Amino acid sequence: MESRNPLLVVEDLSLEFRTRTGVVKALENVSFQIEKGQTVGVVGESGSGKSVMSYAIMGISDPAARITSGRIVFGGISLFEKSQQELQEMRGRELSMIFQSPRTALNPIRTIGRQLEDVIYRHSSFRGRQIRARALDLLNQVRIPDPEKRYRAYPFELSGGMCQRVMIAIAISSNPWLLIADEPVTGLDVTTQAVIMDLIQDAARERNMGTILITHDLGLAAEYCDKIIVMHSGHVVEVADTEHLFMRPRHPYTAKLIGATPNASRDLAELSSIPGNLPDLRAELPACRYSERCERFARDCLESPLPRLGTGAGHLVACRYPL
Amino acid sequence: MKAHMQHLRYVMGENPVTFFSFILFFLLMALGLFGPWIAPYDPLASDTANALKPPTWAHPFGTDNLGRDVFSRVITATRLDLAISVAAVSLSFVAGSVAGVCAGYFGGVTDKLISRLTDTIMAFPLFVLAMGIVSALGNTIENIVYTTAVINFPFYARVARAEANSRREAGFVEAARLSGNGHGRILLFHMGPNIMPPMMVQISLNMGYAILNAAGLSFIGLGVRPPTPEWGIMVAEGAKFIVSGEWWLAIFPGAALMLAVLCFNLLGDGLRDLIDPRMRT
Amino acid sequence: MKRDSLFLIGRRLLQAAPVVMGIIVVTFILTRALPGDPAVFFAGPAADEKSIAEIRASLGLDKSWPEQFWVYLQNLAHGDLGKSISTGQPVIEELATRLPASLELTFMGLFLAVAIAIPLGILAATRPNSLIDHLCRLVVTIGVSLPTFFTGLFLVYIFYFLLGLSPAPLGRLGIIHIAPDHVTGFYLIDSLIAGDLEVFRASFSQMILPASTLGIFALAPLARMTRAAMLGVLSSDFVRTARASGLSRRTVLWVYAFQNAILPVLTTLGMVFSFLLGANVLVEKVFAWPGIGSFAIEALIASDYAAVQGFVLAMALMYVLLNLAIDILYTVVDPRIGLEG
C-alpha cells in the first residue's frame, strides 16, 4: 500500500500556538502519508486539529503558530526548507485548498470572474484574452450554468453551492497535485452536498490529484475516501483504509465515533454520546489525550511514549490497549 | 504554575498604562478638591513687578503678564474644568439613559421621536452646534454646561437604547412584568442596573471629549470670563505671548488640559477592555 | 447595475431630506431662543416702545411661530440668512467670501491626516506588536487627547519662535504678498493658475502649520480605524483564500485586504470631518486665519446672532453634503449596498 514515492508525507509534526493565556499544543507528533490520486479523509470533532494541520501543510498558519518538530515532504521536497516566496508560488499551483462557508471565503467586493482571473494570472503564462477564456472554461468545468453571466456576479449574488463551485474552479485552475478540502460541504443542503462532492471527486480523478477531505461527517468520509485518519485533540489516533476502519476499528475513540454514527450520515457535531470534553490543550497533557474519556483507561495510559501499533495493511493505532 | 506566571507577566505588561491613568485620576481629583489649598499663591493676585517671568523654583510654571503665578492658576483651574465637564456629563448621562431606555423599551413612536432627535443633533458638527446653542442661550458658565450636555446626549441615548432594546425580551424583564411590575418599576429597577456597565464605559470615554469641548468653548471666549482661572481661557490669554517666546503662559495650562483628557481616555479604554475584552484593539 | 446605482443615489438623497429639515428646525429654534426679547436687543439701548414694536414687526416677531417658521423657510430658499449687525452685510455674502479660506485649510488638514493615518494603520496591522504598531497606538492615544488649540500654539512656538522655519501665524499670506486673482478662492490653486510660484510658496508656508494642527487632530481616529479594519480584514476568510491561492503578498494586501478595509475608514472619514469643522474654528483663531470660523467667533463675541446661526446652518449643511458624498462613494465602491439595506 505505502509506495516509495508518496505525494505527501507528514512526519512527526508538532505545532503550538503562543497565546496570552499560555501555549496551546495544537498538534503533537502527527504522522501520515498520502499517495498520488488518493483521497484521504481526516475526521474528528471540532478542535481536534484538522484545520490547523491543513493550514500547516499549506504554509498559511496563523502568525502565532510555531512548528516545534517534524517535517512535511510534498512531491519529494521538504516544505520547511522552501523560502516564503517559493511556498507562495506553490500554493494554488501545486497545492490548493477550499474552505467551509464559501460565501465568506470569496472577496465580497470583487466579481468572481476577476477573482478567478487573479489566480490564473498568477500561476499561468496566459495573458489578456486567454485568461478570460481559461476562466470561462473553468467555470464550465465546475458546471456553473450560464458562466458568461455568473462571471460578472459578486459572491453575495450567488448561492453557497455556486460559490463553492467557484472556489473549486479557483483551486483546480492550475491542475494542482493535492487539494485540501476543509469541510467543503458543511452548511450546504444535502443535494448540493452530493453535487459538490462529486465535482471534487471527478476533478481529482481527471487529474490524478491527491485529495484531503477534512470533515466531521463520517458518512461522507466513508463514501468518498480511500483512507481515513482519525484525529483527537491534536493527535492522530488511528489511520486505516476506509474498509478496515469501519469493519474493525482499533482505537476506542474511533469505535465510539462509528458506534455513534449508526446510519453513517449523521454529523459528529450533533453527537452527544461520547462522554467528556476535549482536554484543555494549554495544560500539561497525558501521553494519551483520550484517556480521560476512555472506558479502557489504565494508569499506564498516561505514560509516554504511547505505542503506535501497526496491524498490517497500513492500519496504525496509537493506543496502549486497542480493541 | 507556568501558566500562572505567564498570566501575571501579561497583566503586569499591560498594567502600567492603566496604573498611570489611575495615578493621574487621583491626582486630578485631589487637585479638584483641594486645589485652592495646595496652590502656593493667590491665583488672582497680580504682581506687575514680577510679570512674564520664566519658570523658577519660586514660580515653577512662571508668571503671566500680570505677574500672577501660573502654577497656582493651573492648579486652581482644575476644579472649574472638572466641575463643568462632570456636571455636563452627568446631565447627558441621566437624560440620555432615560430617553434611550424608554426608546429601546417601548419602541414605536417613542423610539422614532427619540431617534430622530439624536439623529438631528448628530447631523451637526458638534462643536459648531455648541457655539450656536451658547450664542442663543447666552454666554454664561451654566449655558456651557447645558450645551456640552446637549451635544453629548446622543452618545448616551444611543448606547442606552441599544442595551435596553436587546434586553426587552430578556427573561428577567419578562419575569418582572409577569409578577405585576409596572413599566416604571421595570425600567428603574430591572433595566437600569443592567445597562450600567456599558454606560460607565461610555462615561469614561466621553469625559475627555466633554473636557476638550468645554475648554474649546472658553478658548474662543465663551462661558468663563477672565480673570477666573480656567485652562481653556488661560491658553487663550497665553496665546498672545507664544510668538514672543513666553511659552509657559499657554503651554502649562494646555498640558494640564491634555493630561486630564488623556487620563480619562486611558481609563475609558481600560474599563472597556475590562468589561468587553472583545473590543480590545 | 448602473441604473441600480443611480436609483440608490436618488434614494439616499431623499433620505437626507428629513435630516436637512431637522437642521433647519434646530437653527430656527436657536434664532428664536434668544435670551429676552430679540426686538429689544436689536433696537438697542436708546429705543422706546414704538421703535421696539416697529423692529418687532420688521423682524416678523409679532407673528405666530408657524408663520415665522414659514417666513424663515422662504428666506432660506432665497439664500437670505439675515444681515450681520457688525458688518452690515448679508450673512450669506460674508460666509461665501470667507468659506474658501476655511475649506482650503480643512481639506489640506484632512489630506495630511489621510496621507499619514492610512499607511500608519496598514503598517501597524500588518506587523502586530512591532515598533510601528506601538507607535501607531501611541499616536492614537495621544492624538485624541490633544486640544487642537494647544497643538497649534505648540507648533507655533517650535517652528516659528524657536526654529524660525515658519512665517508668523497671521493669516493666509504675509503682508508683502498680494492675494492671487480670485478663481476658486483657494490660494494654492489660484496662485498656480496665475503662474505665481512665489505666492504659491508663501501661501503654502502659511498653511503648513495650521493644516498640520488639524491633521494631527484627525490622524488619531483615522489611524485607529484603518488599523482595526485592516486587522479584521486580514483575518477574514477571503484573505485566507487569497493566500491559499498563492496570490502575491502585494495583491493580497492591496487588492483583497485594503479595498475591503477602506469601507469602514470611509465611514470614519465622515465623523472626522464633523470634528474637523469644529476644530477648524479653534485653529483659525490660533493662526488668525480669515475663514468662517474666525468670522463666527467675532460674531459670537459681538452677539451677532444672525451671523452665528447662519454659520451653524452653513456648517451643518456642508456636513450633510459631505456625508452624502461619502455615501455615494460607498455605493459605487461596495456592490452589496442596496440589497442588504
Side-chain angles (χ1 to χ4, degrees), chain B residues 17 116-117 119-140 143 151 208-209 211-213 215-217 219-222 231-232 235-236 238-239 242-247 249-251 253-255 257-266 269 279 281, chain C residues 18-20 22-23 25-27 29-35 137 141-142 144-154 156-157 160-162 168-169 224 227-228 231 273-279 281-282 285-286 296-297 299-301 303-305 308-309 311-313 315-316 318-320 323:
Chain B
V17 176
R116 176 63 65 209
L117 178 66
D119 286 353
T120 304
I121 295 177
M122 293 300 283
F124 285 88
L126 292 178
F127 188 76
V128 170
L129 178 64
M131 290 170 67
I133 298 176
V134 176
S135 106
L137 291 181
N139 187 355
T140 64
N143 287 338
I151 63 170
Y209 181 66
I211 296 178
L212 269 186
N213 213 73
L217 288 174
F219 178 77
I220 60 172
L222 295 178
W231 294 331
V235 177
I242 279 279
V243 287
S244 49
E246 283 95 10
W247 54 273
L249 269 68
I251 298 298
L257 183 57
M258 190 198 97
L259 280 179
V261 178
L262 183 68
C263 164
F264 285 106
N265 285 344
L266 291 177
D269 285 344
M279 293 289 287
T281 47
Chain C
V19 177
V20 172
I23 288 171
V25 169
V26 168
T27 45
I29 293 172
L30 288 180
T31 53
R32 302 299 121 137
L34 304 182
R137 281 189 227 189
T141 315
I142 304 281
V144 288
S145 309
L146 279 174
T148 357
F149 48 92
F150 174 69
T151 325
L153 288 171
F154 194 75
V156 168
Y157 180 68
Y160 168 69
F161 181 77
L162 285 187
R224 187 185 193 129
R227 178 176 174 274
L231 276 177
F273 197 77
S274 153
F275 289 154
L276 271 185
L277 288 177
V281 176
L282 300 168
K285 182 172 156 74
V286 170
I297 293 175
L300 263 173
I301 303 305
S303 299
D304 188 348
Y305 295 113
V308 176
Q309 304 312 346
F311 162 74
V312 174
L313 183 66
M315 285 300 208
M318 230 158 73
Y319 182 42
V320 169
N323 273 328

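Throughout, a chain's letter reflects where its sequence line sits, starting with A, and its residues are numbered from 1. Because the structure is predicted, anything quoted here is derived from the model rather than measured.
B:F124 contributes atom CZ, which lies 12.5 Å from atom CG of C:L277 (distance to the nearest 0.5 angstrom).
Counting heavy atoms of neighbouring residues, nucleotides and ligands inside a 6.0 Å radius, atom CZ of C:F154 does not exceed 12 of them.
Only the side chain of C:Y160 comes within less than 4.5 Å of a heavy atom in chain B; its backbone stays farther off. For a residue to count as touching a neighbouring chain, one of its non-hydrogen atoms must lie under 4.5 Å from one of that chain's; by this rule B:L259 does not touch chain C. Proximity to chain B (any heavy atom under 4.5 Å) is restricted, for C:I301, to the side chain, taken from C-beta onward. In this structure, chain C has a heavy atom under 4.5 Å from the side chain of B:N265, while its backbone stays farther away. Contacts between B:L222 and chain C at a heavy-atom distance below 4.5 Å involve the side chain alone, from C-beta outward. Residue contact with chain B, scored on non-hydrogen atoms closer than 4.5 Å, involves the backbone and the side chain of C:L146 alike.
By the 4.5 Å heavy-atom criterion applied to side chains, B:V243 and C:Y157 are not counted as neighbours. Side-chain contact between B:I242 and C:F161 is absent, with no heavy atoms from C-beta onward closer than 4.5 Å. B:R116 has its side chain within reach of C:P18: a pair of non-hydrogen atoms, C-beta onward, lies under 4.5 Å apart.
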So C:L282 and B:F127, side-chain contact (heavy atoms from CB on, under 4.5 Å) or not? Walk me through it. CA-CA 10 Å; C:L282 300 168; B:F127 188 76; 3.9 Å; yes
Steps toward side-chain contact (heavy atoms from CB on, under 4.5 Å) verdict (C:V25, B:T120): CA-CA 9 Å; C:V25 169; B:T120 304; over 6 Å; no
Step by step, work out the side-chain contact (heavy atoms from CB on, under 4.5 Å) result for C:F149 and B:L257. CA-CA 11 Å; C:F149 48 92; B:L257 183 57; 3.5 Å; yes
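Counting all heavy atoms, side chain and backbone alike, C:V308 lies closest to B:M131 at CG1-O, 4.3 Å. Nearest heavy atom pair, residue C:L153 against residue B:A239, reads CD2-CB, 3.7 Å. Of all non-hydrogen atoms in C:V144 and B:L212, the two that sit nearest each other are O-CD1, 3.8 Å. Minimum heavy-atom separation, B:M258 to C:S145: CG-O, 3.5 Å. Closest approach of C:V281 and B:I220 over heavy atoms only: CG1-CG2, 4.4 Å.
Taking C:S274, C:A279, C:G152, C:A168 one by one and counting their heavy-atom pairs under 4.5 Å with chain B, the maximum is reached by C:S274. With chain B as partner, the option from C:A296, C:A299, C:A316, C:G22 having the largest number of non-hydrogen pairs under 4.5 angstrom is C:A316. Your options are C:V19, C:I23, C:I297, and the one with the most heavy-atom pairs under 4.5 Å with chain B is C:I23. Comparing B:G216, B:G208, B:A130, B:P253 by how many heavy-atom pairs each has under 4.5 Å with chain C, the most go to B:G216.
When ring centroids are compared, B:Y209 and C:F275 come within the 6.0 Å threshold.
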